[in-house]
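These values consider heavy atoms only, across backbone and side chains, with no hydrogens, waters or symmetry-generated copies. Residue numbers begin at 1 in each chain, while the letters A, B, ... track the order of the sequences.
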Amino acid sequence: MSSLQPVRGTHDLLPEDMRRHREVLEAGRAVANRFGYDEIATPIFEKTEVFKRTLGDTSDVVTKEMYTFSTKGGDDITLRPENTAGVARAFMSNGLSQQLPVKYFYGGPMFRHERPQKGRQRQFHQAGVELLGVEKPQGDVEIIALGVHFLKELGVYDDTVLELNTLGDVESRKAYRDALVEYFSNFKDQLSEDSLDRLEKNPLRILDSKNEGDRKLVAEAPIFSDYLNDFSKDFFVQVKAGLDDLGIAYEINPRLVRGLDYYCHTAFEFTTTALGAQGTVLAGGRYDGLIKMMGGPATPGVGWASGIERLSMLMTREVSAPKPVVIIPMGEAADKRAPIIADELRYAGYRTELGYSGNLKKRLNRANKQNACVAIIMGDDELAENSATVRDLVSGDQSIVKLDELTKKLSIYR
RNA sequence: GUGGCUGUAGCUCAGUUGGUUAGAGCACCGGUUUGUGGUACCGGGGGCCGGGGGUUCAAGUCCCCUCAGCCACCCCA
């Protein structure tokens with residue numbers, strides 16, 4: 001019995017789920033295409049080192065969330081927990097540094113061994129974009145604008161807030177990080193257990209602590225803006241100005257941080273309150289240090305990833321089920337002829353179903369359940385005159401139609 | 001990984017202080033109606049009560065373990 005349950009944190013996407021899922025993915029693909037981003041796919045697993053190297057040995061993802069295994073050949077493999085590392089690896093594997101900028105869209109499953117809850121699964125799906133080779137703030141603005149278009153396309157933009165922050169360049173962040181460590185080290189006895197841990201791994205995260213005691217300390221902590229150098233300040237000013245020019249609203253959130261060292265400058269998240277604790281629906285930032293850290297040529301990058309399941313939960317719009325044409329043969333000659341007509345209709349592009357068993361009442365009933373728009377009822381007597389009854393299942397109107405005019409007659413149901 | 005809540009039919013849920021063959025609505029199948037649907041009426045199938053162990057004359061109900069889901073923390077999309 002328990003072996004019939006899907007593995008914890010995984011879910012089947014039945015047709016209705018799948019339709020919404022695809023709607024999200026196709027919207028992303030279409031919008032990205034408008035911005036000049038082409039779709040790529042990288043393998044869903046990579047050598048473990050690809051993720052270890054890029055995500056850092058101390059990150060949660062690497063220390064406890066990866067699905068790692070060794071192959072028969074002895075390779076150390078990991079199911080991708082995110083896709084930026086994979087795209088970066090592909091960038092280098094294929095020698096793409098010669099044709100910058102590189103603009104990619106991707107979508108597919110990701111795997112993280114976390115405790116499942118609402119909006120969080122162990123296998124989930126992301127759609128994302130990466131822009132490599134643009135060091136200017138215009139790149140950040142373009143990437144965020146792409147996200148806005150995407151969310152608008154899905155009709156969920158108004159349910160989200162864009163939170164924005166800067167992490168500064170390497171120099172600024174190091175200076176701030178040192179200042180934070182120095183400050184919080186004076187209060188080791190007052191910090192929560194989680195934050196003591198963060199002090200080692202990722203001091204910036206302490207700023208975001210929900211612990212009350214921590215928050216009191218945070219209130220008095222050094223402010224990031226005091227540590228930003230002129231270059232970083234100017235960069236952030238330009239990003240904000242670019243967003244203003246496009247009429248994109250945002251809220252500055254100084255506590256919005258990123259754990260990983262290669263992140264710099266812009267960090268942003270589109271969040272919603274409609275999904276419970278897992279409110280981040282699309283998030284990204286700039287990662288100028290990544291490619292170099294992986295052993296490639298220093299190449300700036302910006303990008304984001306979005307959660308397809310989260311977006312599809314947020315999307316209230318109905319995703320309509322397909323409406324087939326149903327052929328109902330009544331009689332021996334009709335039974336023989338129906339598949340041929342169905343075949344023609346299918347070549348003509350109609351979704352076509354055949355209703356074989358039961359009396360007419362049952363077959364019409366089934367056609368309703370199939371959400372059919374029209375039924376073609378073919379009796380032997382009608383067939384003898386090369387015609388059939390075409391019944392509109394919404395209005396109930398019906399008429400006799402010559403078979404060779406069928407395709408034309410049905411064109412209103414396309 | 002930690003804590004709290006929950007698990008009865010395909011779905012949403014009843015089920016008394018433990019007491020005969022575990023119920024309803026929706027859905028499904030059949031009939032009223034052998035070529036005209038959505039409505040109505042009548043009938044039917046479907047459950048190891050998440051799984052395992054224990055207490056008891058007797059467990060869906062009480063206890064323990066386990067699995068899964070939900071919620072929060074951690075972290076993230």
task: State whether Arg198(A) places a side-chain N or O below 4.0 Å from either non-bridging phosphate oxygen (OP1 or OP2) of rC75(B).
output: yes

query: Using a cut-off of 4.0 Å on non-hydrogen atoms, how would the nucleic acid contact of Glu309(A) be classed: base, sugar-phosphate, or nothing?
result: nothing

- prompt: Which of these, Asn165(A), Leu167(A), Val239(A), Asp288(A), sits in a side-chain contact (heavy atoms from CB on, under 4.5 Å) with His265(A)?
  reply: Asp288(A)

- prompt: What is the nucleic acid contact for Ala305(A), judged by heavy atoms within less than 4.0 Å: base, sugar-phosphate only, or nothing?
  reply: sugar-phosphate

task: For Glu269(A), report the nucleic acid contact type (base, sugar-phosphate, nothing); a contact means any heavy atom under 4.0 Å.
output: nothing

message: Classify Gly396(A) by what it touches in the nucleic acid, base, sugar-phosphate, or nothing, heavy-atom distance under 4.0 Å.
response: base

message: Categorize Glu82(A) for me: base, sugar-phosphate, or nothing, with a 4.0 angstrom heavy-atom threshold over every strand shown.
response: nothing

- request: Quick one: label Lys118(A) by what it contacts on the DNA or RNA (base, sugar-phosphate, nothing), any heavy atom closer than 4.0 Å.
  value: sugar-phosphate

query: Near RNA chain B, under 4.0 Å by heavy atom, which residues of residues 370-381 of chain A?
result: Ile377(A), Gly379(A), Asp380(A), Asp381(A)

task: Would you mind classifying the nucleic acid contact of Gly147(A) as base, sugar-phosphate or nothing, using non-hydrogen atoms under 4.0 angstrom?
output: nothing

- request: Tell me what Arg115(A) touches on the nucleic acid: a base, only sugar-phosphate, or nothing, going by heavy atoms under 4.0 Å.
  value: base

message: Students often get this wrong, so: under 4.0 angstrom with heavy atoms, is Gly119(A) touching a base, only sugar-phosphate, or nothing?
response: base

task: Using a 3.5 Å limit on both pairing distances, list the dot-bracket string of RNA chain B from the 5' end; Watson-Crick and G-U wobble pairs count, crossing pairs take [ ], interstrand pairs take |.
output: (((((((..((((.....[...)))).(((((.......))))).....(((((..]....))))))))))))....

query: Which part of the nucleic acid, if any, lies within contact of Glu193(A), taking any heavy atom under 4.0 Å across all strands shown: a base, the sugar-phosphate backbone alone, or nothing?
result: nothing

query: Do Thr407(A) and Glu344(A) have side-chain atoms, one donor and one acceptor, less than 3.5 Å apart?
result: no

message: Regarding Arg8(A), tell me which of base, sugar-phosphate or nothing describes its non-hydrogen contacts under 4.0 Å with the strands shown.
response: sugar-phosphate

query: Are Arg317(A) and Glu23(A) within salt-bridge range, i.e. N to O under 4.0 Å?
result: yes

- prompt: With a 4.0 Å cut-off on heavy atoms, is Asn368(A) in touch with a base, just the backbone sugar-phosphate, or nothing at all?
  reply: base

- request: Describe the nucleic acid contact of Asn83(A) in one word from base, sugar-phosphate, nothing, applying a heavy-atom distance below 4.0 Å.
  value: nothing

message: Applying a 4.0 Å non-hydrogen cut-off, can you work out what Arg112(A) is touching in the nucleic acid: base, sugar-phosphate, or nothing?
response: base

